[in-house]
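Every chain is numbered from 1, with letters handed out A, B, ... down the list of sequences. Here the structure is a predicted model, which means the values were calculated and not measured.
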2 protein chains.
Amino acid sequence: MTTPRSSPPVASAAATINDVAKQAGVSIKTVSRVMNNEPGVRPDTRAKVLQVMTALRYRPSQSARSLAGARSFLIGLLYFDPSAAFVSRVQQGATMRCREAGYHLVVESMDNDAHDLGEQVHRMVSTLRPDGMILTPPLCDNPHVLKALHDSGTPTVLVSPARQRKDMPSVRMDDVHAAEEITNLLIGLGHRRIAFIRGAADQAASALREQGFVKAMKAARVEIAPELVIDGDFRFEAGVAATHQLLKLRHRPTAVFASNDDMALGVLAAAQRQGLAIPGDLAIVGFDDSPASSLVWPPLTTMRQPTMAMARTAVDLLIGTPTVEGTPGTRTSSAMQRVLAHELVVRDSTAAPTRPARRAPHA
Amino acid sequence: MTTPRSSPPVASAAATINDVAKQAGVSIKTVSRVMNNEPGVRPDTRAKVLQVMTALRYRPSQSARSLAGARSFLIGLLYFDPSAAFVSRVQQGATMRCREAGYHLVVESMDNDAHDLGEQVHRMVSTLRPDGMILTPPLCDNPHVLKALHDSGTPTVLVSPARQRKDMPSVRMDDVHAAEEITNLLIGLGHRRIAFIRGAADQAASALREQGFVKAMKAARVEIAPELVIDGDFRFEAGVAATHQLLKLRHRPTAVFASNDDMALGVLAAAQRQGLAIPGDLAIVGFDDSPASSLVWPPLTTMRQPTMAMARTAVDLLIGTPTVEGTPGTRTSSAMQRVLAHELVVRDSTAAPTRPARRAPHA
DNA sequence: CTGAAAGCGCTTACAG
DNA sequence: CTGAAAGCGCTTACAG
C-alpha cells in the first residue's frame, strides 16, 4: 500500500442514516426529511434529529443520495486553457458558491480541438451525472460540447458565450458598454488621436470591444483615423508589433486602447523601449485587469471583468437559487441571460496628453 | 424550471450493468469483472461484453460503484488562493492525469484562516469519500487540515510542503539546487556584486532559495555583501522597494536575484524607471516562470517549477500508478518523497556586466 | 471460468 | 406528522 491508509485508522466508521435514526428513535425516512429540509416534521422531532446528527458528526453520503435520488450535488466546470487567470477566478467563484449550497465542483480540462470531445463530455456526464455544467470560452461555443450536453439533458450555463442560445442560460458582462466607458475616459482626458488594437478575430469579445470603441468615438465626434486601428490577437507580441507600427506614423497617437491587458503590456514595453514616457507621451489602457497589469510600471488602467460574480451567478442559475438581490448592476435581458456589472480600474498608465493633440510630434 | 431539462429529452435512459448483462447473455458479475479488468474471464466472453458495452454506450455509474465498493474515483484538490498561476497549473496536470486514469478531480478552495477549517475538510471527505486528496501550500502545512485528513484515513499527497511528514507522501522540486543553478548563471556571466531579495519569511521556499544562493556564492568564492541581501515578501512592491534601496548604495550591484518573479518584475520596473538599462546596467533573475515574466521587456530569465508534472505525480501516488519511467529528473528520497526536475529559462534580462565589477559607478 | 445473493446508504412512492 | 417497503446500480464474499 502506498498510502496513509495503512496507518491505524483513528476514526471509527462514519455514521449513517441508520445510526442517526436509531439514536433519535425515529425512522430513516424522518431523518431524510430533516436533512433535506422537507416540511411535515414536528419541531421537537426535528430538533432531536438535528441534535443526534451533530453528536454523531453525521454527513450524508453523496453516492447514496445520488444513486437513490435525482440529484448528485455535483456541478461540473469544463474549461480549455484560456487565460489561467480567467479560469482560476471562475473556478474560485464557483467553488465558493457550491460549498455554500452544499454542492461540489468537479473540474475538467478539455482539449477544444480533440476529435472525440463530444464523447469525452458524454462520458463525464453519464458517469458523474452532475446536476449542472458550467462552460467557459471557447468550450461554451463548441457545437460538439453543446450537443453532448443537450442530448444528455444536463442543465448547462454558459459563461461569456459568443452567441447566446435560447435553450441555455448564460452569464456575461457587457463588453460594448465597458469598451465605451474606457474610451470615454481617454476622450475625457483630452485625447483625440486614439489608437485601437483589435483582439483575436475568432473571439466574440473582439468585435464587441471594437464596437464600444467606435460608438464612444462617434458619440464624442472624435475622428477614428484608419491607420490607428490595428489587428491583434490578444497576445503580448501583437501589442509590441502594433506599437512599432504606430510609432512610425508621422502623426502619432497620444493614447492606445488595447483590447486586452496582455497586448497593452506589449504596447507599454515597446513604447518605453523607444524612450516614450508613459503616460505623458502615450496613455495606455487595457482590458481584463489581469494579474500582470499591476506588476509593471506604471500599473495599467484597465477594465475589470466581474469574473467571480459571473461564476457564482452561474451556480445559482444551475441550482435554482434566486440571485442575491442587490447584486449591483445585474440586468436580465431574458429570464436566463444575466449581464453583470464591470468596473473601470484607473491606475497610472493614463493621463492627459502633454503634447497638444492633432499636432505631429517633432521628428 | 430554470434549466434545459424541461426541453424534450433526446437521449433514452442510460444503459446500466443489467442492460449490458442481458444483451451479452451473462451475469452482471461478469460484466463487472470485465469493466474492472479483473482476470478470470474467457477471452471471447470478455470480447462479447466489451462489444455490447460499446454498442450501448455503457458508462458505469460513479455513485453506484462508490456506494458498493471501496473506491469513489474521485480525487480532491484543496487550495487556498496562492498564485492563481500555480494552482491553475497544478490543477491542469491533476485533471489530465485523472481523466487518463478514469478518475475525476473535485476542486475546493479553502480559507486557510477559517476557524472551522478542520470541520470543512472533514465534511468534504466524509460526504464525498474521495480516493485521495492533493494539498498545495499553504494548506499542505496546516495542522488542522492534516489532522482531519489523517483522522479520516484519506490518502493524501502534499505538493511542495514546507515540512515533509513520514506519514504522507509529497512531491516537490529542489529549491536549493535550483537557486544554486540560477546563481551560477549570474556568476558565470561575470557578476560579482550580486544582490539577493528574500521571499516571505513564513514560506518554506524562501529559506531554501536563500540557501542555494549562499551555497553557490561560497562555492565560487564570491563575497556576499550584507547590504545586498534584502528582505522581501514575494510581492511586486517589495521588489520596487528593494531596488530603491540598492540603487542608493555607493557600490551598486550589477545583478539581482529576486526570490520570485513578482519581485523581479518590481526590480525591473523600478530600475528602468531610474534610467538603468536592463540587462546592461543591471541583470535580473526571478523564480517561478510566472505568466507575467514574459509579458515585460526584457522578458525575465527565471526558473521554471515542474508544476504540472508534480500534479501528475501526485495523482499517480494516490491511485497507485507506477510513475512513468523515464520521467526526467525524478528522484526518490524515500519511497514516497518525489523530487522533480526544474528548468532554467534563460531570456533577455541577463547578460554580462558592462561596467567592470567591484568598481563604484560614476555618480 | 461464472453466477446468485446480500448489501452499500440513501430516496421514492405509498400507506396510514 | 410518520414509517415500512422497494429499489437506485454497482461490489463484496461466497459457492460451484
Side-chain angles (χ1 to χ4, degrees), chain A residues 12-50 52-53 56-74 102 104 123 125-129 131, chain B residues 12-50 52-53 56-74 102-104 123 125-131:
Chain A
S12 48
T16 73
I17 195 174
N18 287 300
D19 302 324
V20 176
K22 221 162 291 176
Q23 279 251 8
V26 298
S27 73
I28 62 169
K29 178 64 221 184
T30 295
V31 176
S32 173
R33 283 195 181 94
V34 171
M35 77 173 140
N36 288 301
N37 267 313
E38 286 169 26
V41 180
R42 259 202 344 243
D44 54 322
T45 307
R46 183 182 299 272
K48 173 68 183 164
V49 172
L50 249 15
V52 174
M53 281 180 168
L56 262 39
R57 295 190 90 185
Y58 171 69
R59 306 291 168 207
S61 152
Q62 183 273 152
S63 303
R65 297 179 91 178
S66 175
L67 182 58
R71 296 181 299 172
S72 67
F73 300 93
L74 256 25
H104 294 275
R123 184 171 330 167
V125 161
S126 50
T127 113
L128 243 33
R129 321 240 167 187
D131 293 336
Chain B
S12 48
T16 72
I17 195 174
N18 288 299
D19 302 323
V20 176
K22 221 162 290 175
Q23 278 252 6
V26 297
S27 73
I28 62 169
K29 176 64 218 183
T30 296
V31 176
S32 173
R33 285 197 180 93
V34 171
M35 74 173 143
N36 288 301
N37 268 312
E38 285 168 25
V41 180
R42 258 203 343 242
D44 54 323
T45 307
R46 183 181 299 272
K48 174 67 182 166
V49 171
L50 249 14
V52 174
M53 282 179 168
L56 262 37
R57 296 190 88 185
Y58 171 70
R59 305 290 168 210
S61 152
Q62 183 271 151
S63 304
R65 297 179 91 177
S66 175
L67 183 58
R71 295 181 300 172
S72 67
F73 301 95
L74 256 26
Y103 282 70
H104 294 276
R123 183 171 330 167
V125 161
S126 51
T127 114
L128 243 32
R129 322 237 166 187
D131 292 337

Which atoms form the tightest heavy-atom contact between [X] and [Y], and what is the distance?
X: A:Val49; Y: A:Val31; result: CG1-CA, 4.2 Å
X: B:Arg129; Y: B:Ser72; result: O-OG, 2.8 Å
X: B:Asp19; Y: B:Thr16; result: OD2-N, 2.7 Å

### Task
List for me each residue that meets ring pair (Phe, Tyr, Trp, His ring centres under 6.0 Å) alongside B:Phe73, sequence neighbours excluded, and say none if there are none.
B:Tyr103
#### Entry: DNA chain D contacts among residues 19-33 of chain B, heavy-atom distance under 4.0 Å
B:Ile28, B:Lys29, B:Ser32
Within the structure shown, what part of the strands sits under 4.0 Å from [X] by heavy-atom distance: base, sugar-phosphate, or nothing?
X: A:Ser66; value: nothing
X: B:Pro39; value: nothing
X: A:Asn18; value: nothing
X: A:Thr45; value: sugar-phosphate

Pair up each side-chain donor or acceptor in residues 64-71 of chain B with any protein partner under 3.5 Å, not counting sequence neighbours, and list the distances.
residue	atom	partner	partner atom	Å
B:Arg65	NH2	B:Asn36	OD1	2.7
B:Ser66	OG	A:Ser63	OG	2.7

### Query
First contact, last contact: which nucleotides of DNA chain C are these for chain B, 5' to 3', heavy-atom distance under 4.0 Å?
C:dC1 to C:dG9
With the side chain counted from C-beta on, respond yes when [X] and [Y] share a heavy-atom pair under 4.5 Å apart, and no when they do not.
X: B:Gln62; Y: A:Gln62; answer: yes
X: B:His104; Y: A:Leu74; answer: no
X: A:Ser32; Y: A:Ile17; answer: yes

### Query
Taking both distances under 3.5 Å as the test for a Watson-Crick or G-U pair, what stems of at least three pairs does DNA chain C have?
C:1-3 with D:14-16, C:5-12 with D:5-12, C:14-16 with D:1-3
### Message
Applying salt bridge (Lys or Arg N to Asp or Glu O under 4.0 Å) as the test, list every pair that has at least one member in residues 25-45 of chain A; sequence neighbours left out.
### Response
A:Arg42-A:Asp44
### Message
Could you measure the distance from the CD atom of B:Gln23 to the NZ atom of B:Lys48? Nearest 0.5 Å is fine.
### Response
7.5 Å
